[in-house]
Amino acid sequence: MYWLVKSEPDTFSIQDLAGMPDQTEHWDGVRNYQARNFMRDEMRKGDKVLFYHSNTKPPGVVGVCSVVREGYPDHTAWDPESTYFDPKSSPENPRWFMVDIQLQEVLPQYVSLDAMKQNPALEGMRLLQKGNRLSVLPVQEREFREILRMGGLHIS
DNA sequence: GCCAACGTTGGC
DNA sequence: GCCAACGTTGGC
């Protein structure tokens, strides 16, 4: 499957991911049940993931990653010092899950939200639907390919 | 900084 | 189970 994950670059940017060992990081801090279910139940090793910068100007897709570890408990929920602490989650009964993603490529060209809205081929894309706030969401293969094309990548 | 569109919480 | 109040997301 294909996915899109959002991150505020001030919090964790694609450059931050590029600087991690193996260019890999766990996708912690997701505290939305729908997004959790995607990570816990549906994201599979090898799935491709678009990396999206939100809350920045302009917002848009900046790179491609892949899932390298499937859903496992988000330990930041157990850490009282963490901003993501949730007392209702425990190691015995974890409430929140995460996956590991590895950077594949930074797009040669930034694909802005506005450019995606302007592209008729992406009409109906979940990301573009009004009021959508999900930080982890599925993307159709044809949408994924179109965004890579817009970003200047031409891989299979 | 504003605010629309959510999602969550908790009293009843 | 309803729904008002509150909190968060994220574009603008």
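Throughout, protein chains are lettered first and strands after them, A, B, ... in sequence-line order, and every chain is numbered starting at 1.
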inquiry  = Between A:Tyr84 and A:Val5, is there shared hydrophobic-cluster membership here, with clusters defined by ILVMFWY side-chain heavy atoms closer than 4.5 Å?
reply    = no

inquiry  = Show every salt bridge (Lys or Arg N to Asp or Glu O under 4.0 Å) that has at least one partner inside residues 49-78 of chain A, sequence neighbours left out.
reply    = A:Arg31-A:Asp74, A:Arg44-A:Glu70

task = Classify the side-chain pair A:Asn37/A:Glu42 by whether it contains a donor and acceptor separated by less than 3.5 Å.
result = no

inquiry  = Let me spell it out: for each of A:Gly131 and A:Arg31, pick the nucleotide of DNA chain B with the closest heavy atom. Which residue's pick is nearer the 5' end?
reply    = A:Gly131

request  = Apply salt bridge (charged side-chain N to carboxylate O under 4.0 Å, His left out) to A:Glu25 and list each qualifying residue two or more places apart in sequence or on a separate chain.
outcome  = none

ask   = What's the shortest heavy-atom distance between A:Ala121 and A:Asn119, and which atoms?
value = N-OD1, 2.8 Å

ask   = Residues in side-chain contact (heavy atoms from CB on, under 4.5 Å) with A:Phe85, at least two apart?
value = A:Pro80, A:Pro87

task = Pull out every residue in residues 76-84 of chain A that has a heavy atom closer than 4.0 Å to any atom of DNA chain B, ordered by number, or say none.
result = none

message = According to ring pair (Phe, Tyr, Trp, His ring centres under 6.0 Å), does anything in residues 13-43 of chain A pair up with another residue at least two apart or in another chain? List the pairs.
response = A:Trp3-A:Phe38, A:His26-A:His75, A:Trp27-A:Phe51, A:Tyr33-A:Trp96

ask   = Which of these, A:Arg142, A:Glu141, A:Arg149, sits in a side-chain contact (heavy atoms from CB on, under 4.5 Å) with A:Arg145?
value = A:Glu141

note = Once base and sugar-phosphate atoms are separated, protein heavy atoms under 4.0 Å mark nucleotides 5-12 of chain C, 5' to 3', with B, S and - as --BBBBBS

